[in-house]
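It should be emphasised that the depicted structure is a prediction, and the values quoted were computed from it without experimental measurement. Read the numbers this way: they start at 1 and go in the same order the structure lists the ligands and their atoms.
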Amino acid sequence: MKKFIVANWKCNPTTLNQAKNLFNSIKKGLGAVKNTKVIICPPFVYLEELAKFKRTISLGAQDCYFQEKGAFTGEVSAAMLKDLGCDYVILGHSERRKYFSETNDLINKKLKSALEKGLKPVLCIENTSQIKQCLKGILKQKVIIAYEPIWAIGTGKTPSPAQAKSFNVKIKKLVASNTIVLYGGSVNAKNVEGFIIKSGFDGVLVGGASLKPKELINIVKFVDRI
Ligand code: PEP
């Protein structure tokens with residue numbers, strides 16, 4: 001099975017030009033990747049332009065609303081993202097839960113609408129207790145899970161490979177045998193080996209390091225060789 005690398009650019013960079021340069025530097029540096037699925041998730045506003053260059057890189061959004069259209073000012077629907085050339089969407093990221101008060105119930109609705117419109121959701125969870133409610137009424141193998149301990153996001157702190165492995169095992173017991181489970185939280189080119197080889201994750205979700213082309217390329221190239 002292919003390994004997955006999801007790059008979450010969050011609210012970066014500030015201009016379309018910078019986004020194009022970043023995307024193209026990553027694409028050029030990666031060349032042909034055989035065993036790894038690389039998914040870049042830029043801010044919504046860059047998706048349409050980046051879709052023109054994507055080729056082997058897949059595009060994902062960082063959120064979507066659960067209604068398809070209508071009087072929901074400021075929202076972007078799964079149908080709109082699919083139309084732009086997006087194949088994936090991150091849902092339930094801890095920053096959305098913290099700053100935008102997203103609940104498991106809301107995330108469940110977003111997951112259902114993403115699946116209905118043909119987007120593959122990457123569901124972020126901070127702990128195993130969030131899985132049941134988020135996945136209510138959803139086939140577990142249809143969703144990619146990203147386990148992201150809050151204290152590890154953007155802090156440079158990471159769980160030991162043994163700690164991460166015990167979470168991976170716990171999560172795998174709660175999902176389907178073929179559900180893809182990723183690790184996220186301060187992943188870089190030096191520590192990625194631990195999460196894949198020692199902890200047995202199917203890939204990683206990379207935040208800060210995905211804005212540094214060399215670092216992201218090194219992460220992908222390492223994972224692709226495994
Ligand atoms: C994230 O955005 O989900 C994330 C894991 O960020 P970072 O890699 O910067 O910790």
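- A donor-acceptor pair is defined here as one N or O able to donate and one able to accept, closer than 3.5 Å; such a pair exists between the side chain of S199 and the backbone of P161.
- A salt bridge links D202 with K172: at least one charged nitrogen is closer than 4.0 Å to a carboxylate oxygen.
- Listed by number with element, the atoms of ligand 1 under 4.0 angstrom from any heavy atom of G185 are 5 (C), 10 (O).
- Taking every heavy atom of L205 and a limit of under 4.0 angstrom, the matching atoms of ligand 1 come to 1 (C), 3 (O), 5 (C).
- Checking H93, Q62, K10, K157 against atom 3 (O) of ligand 1, the nearest heavy atom belongs to H93.
- The heavy atom nearest to atom 9 (O) of ligand 1, considering only G208, G156, S210, is found in G208.
- By the 3.5 Å distance cut-off applied to N or O atoms, E148 is counted among the residues near ligand 1.
- Of the N and O atoms on the side chains of K28 and N24, not one donor lies less than 3.5 Å from an acceptor on the other residue.
- The part of A152 lying near ligand 1 is the backbone, judged by heavy-atom distances below 4.0 Å.
- Using a distance-only test at 3.5 Å, with no hydrogens or angles considered, no donor-acceptor pair links the side chain of K27 to the main chain of R55.
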* To do: For side-chain hydrogen bond (donor to acceptor under 3.5 Å, both in side chains), just list the numbers for T103 and D105, CA-CA rounded to whole Å, side-chain angles, deciding distance to a tenth of an Å, and then say yes or no.
  => CA-CA 5 Å; T103 60; D105 195 38; 5.3 Å; no
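- Counting only non-hydrogen atoms, the option in P149, G154, G207 that gets closest to atom 10 (O) of ligand 1 is G154.
- Under the 6.0 Å distance and 45° angle rule, K20 does not count as a cation-pi partner of F23.
- Judged by distance alone, with hydrogens and angles left aside, the side-chain atoms of K3 form no donor-acceptor pair with the main-chain N or O of V223 at under 3.5 Å.
- Neither the backbone nor the side chain of E95 comes within 4.0 Å of ligand 1, counting heavy atoms alone.
- In N8, the part holding a heavy atom less than 4.0 Å from any atom of ligand 1 is the side chain.
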